[in-house]
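Beneath this line is the structure, given in structure tokens, with notes to follow.
Naming convention: chains lettered A, B, ... in sequence-line order (proteins, then strands); numbering from 1 in each chain.
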Amino acid sequence: MAPIVGSGKFVMSLIINDDGKPREYNRMELADSDADSDKKVTQWKQSFHQIGLDVARTDRSLVYYENEANQAKLWDVLAIYTWVDDDIGYVQGMNDICSPMVILLEEEADAFWCFEHAIRRVRENFRSNATSMGVQSQLSILSQVMRVVDPKLHQHLEGLNGGEYFFAIRMLMVLFRREFSFVDALYLWEVMWAMEYNPNMFVHYASNGSNEVVVTTKLSKKMLQQYERKNMKNGRTYQKVFLLFSWLQVF
Amino acid sequence: MGDLNAKADYVFKVVLIGDSAVGKSQLLARFAKNEFNVDSKATIGVEFQTKSLLIDGKMVKAQIWDTAGQERYRAVTSAYYRGAVGAMLVYDMTKRQSFDHMTRWLEELRGHADKNIVIMLIGNKCDLETLRAVPVEDAKEFAEREKLYFMETSARESTNVETAFLTALTEIYGIVSKKTLSADGDSEKSASLKGTAILVDQDANSGAKGGGCCG
């Protein structure tokens, strides 16, 4: 492990060049000649620069991050995550998801494992190949959902050349952290993760009008469409939102 | 400020590209809203701003796509370049590497965008003169060789930001209002976005294509 991890300091400058060679100026003394020959180590260290740039820009209006040791804690968690997940690694936006865990959990190790579990739900969004990113499949689902749930809005967006829903990339990738305040985003996460977007539970709950939660067999798209025709006329917003979640799971 | 309801004669899509943390979002915030945000965050994917302005008596709406700097996000970039008529190629003049990477950004831009796209090279953070790592001559030479416009700016101190965008937009206007921007008949898409009045000359036999974008 690089000596910088857990030191209360973090790397923001470039320590490894594009060619994989360590920079001459190596203040943090990261060059460990044996380990550096290892490609994984080199790639890992290359990610430090990006993580550092983003850590310095994460929630910096919060007093918590005025302390460099706290920024370093966020950096540590992201750097370790990059090592553990060598398939996807660090991608901009993960810092936004990680930040609340670092603030709320005092122990760095706890923050790491909490983040590691939370990111499992969304890490596919961050995966990229030469021509696309994981989040794009979510965007096309969103587009299909909107076409059904609010065709007028969808049409309007298409008219503006926004039918690809690129504006929603950020919402989906950092789970609305940038759209809402820090605290409101956490409320939303709590609700989302408690619900687990289960359409079965929701539809059943809604249809018999009681507080009883009964898990039925998986619903088909057709059943949801029927439900939608029956219930969407009165247009209660929260119902639309929940229905949207239900659709997301069925697709 | 971008007025969504303003009737635009032209809509120009412009992309902002360059390495992470060079100040792309700050340049845009300065141009579109005259703001400099002290707690600005990393851009996720792509974010948008519009600004309407008068050029030659016509209402031009600039629709600016501000992109994430991290290499990973380039997977989505072909979509960013589609229909773009202008590009702001931004580096941080205090970070040599961000300038060295301009070649890569330019290559990618030329690979994906319309070949007559107007490109402006921008050396941002010129208020940090004492930390300068990229001499003006290097940037000028690069810009001349690659036929790009070039300007040093400071989003923080509002230096040259408006001029940079205006220069690019005026040049785009000059090309689009005179001739079709694209030579391959795809001009309608690349010159203007759907849903707006389009004043592109569709003269079929226009042999010359828009006067070459860069002087």
Contact class of T58(A) relative to chain B, heavy atoms under 4.5 angstrom: neither
Under 4.5 Å from any heavy atom of chain A - which part of Q70(B): both
For atom CZ of R156(B), decide whether the heavy atoms of other residues, nucleotides or ligands shown that lie under 6.0 angstrom number more than 12. no
Interface moiety of D59(A) toward chain B, non-hydrogen atoms closer than 4.5 Å: both
Determine whether more than 12 heavy atoms belonging to other residues, nucleotides or ligands lie under 6.0 Å from atom CD of E68(A). yes
Can you say whether V91(A) sits under 4.5 Å from chain B via the side chain, the backbone, both, or neither, judging by heavy atoms? both
Proximal component of Q97(B), with respect to chain A [non-hydrogen, under 4.5 Å]: side chain
Heavy-atom neighbours of F182(A) CZ exceed 12 at 6.0 Å: yes
How about K152(A): does its NZ atom have over 12 heavy atoms from other parts shown lying under 6.0 Å from it? no
For the residue pair Q50(A) and S20(B), what are the closest heavy atoms and their distance? NE2-OG, 2.8 Å
At a heavy-atom separation under 4.5 Å, does R96(B) approach chain A through its side chain, its backbone, both, or neither? neither
Do D54(A) and K41(B) sit within salt-bridge range, that is, some charged N less than 4.0 Å from a carboxylate O? no
Which bit of Y90(A) comes within less than 4.5 Å of chain B, counting heavy atoms only: side chain, backbone, both or neither? both
Measure across F48(B) and F166(A) and return the closest heavy-atom pair with its distance rounded to 0.1 Å. CZ-CB, 4.0 Å
Among V135(A), I88(A), D96(A), which residue forms the greatest number of heavy-atom pairs with chain B at distances under 4.5 Å? I88(A)
Does any N or O in the side chain of R72(B) come within less than 3.5 Å of the main-chain N or O of R127(A), such that one atom is a donor and the other an acceptor? no
Can you tell me how far the CZ atom of R82(B) sits from the CD atom of E164(A), to the nearest 0.5 Å? 4.5 Å
If I take atom CG from residue L160(A) and atom CD from residue Q63(B), how far apart are they, to the nearest 0.5 angstrom? 8.5 Å
How far does CD1 of I44(B) sit from CE of M171(A), to the nearest 0.5 angstrom? 13.0 Å
Non-hydrogen atoms of S128(A) and A75(B) that approach each other most closely: CB-CB, 4.0 Å
Chain B contact via Q92(A) - side chain, backbone, both or neither, heavy atoms under 4.5 Å: both
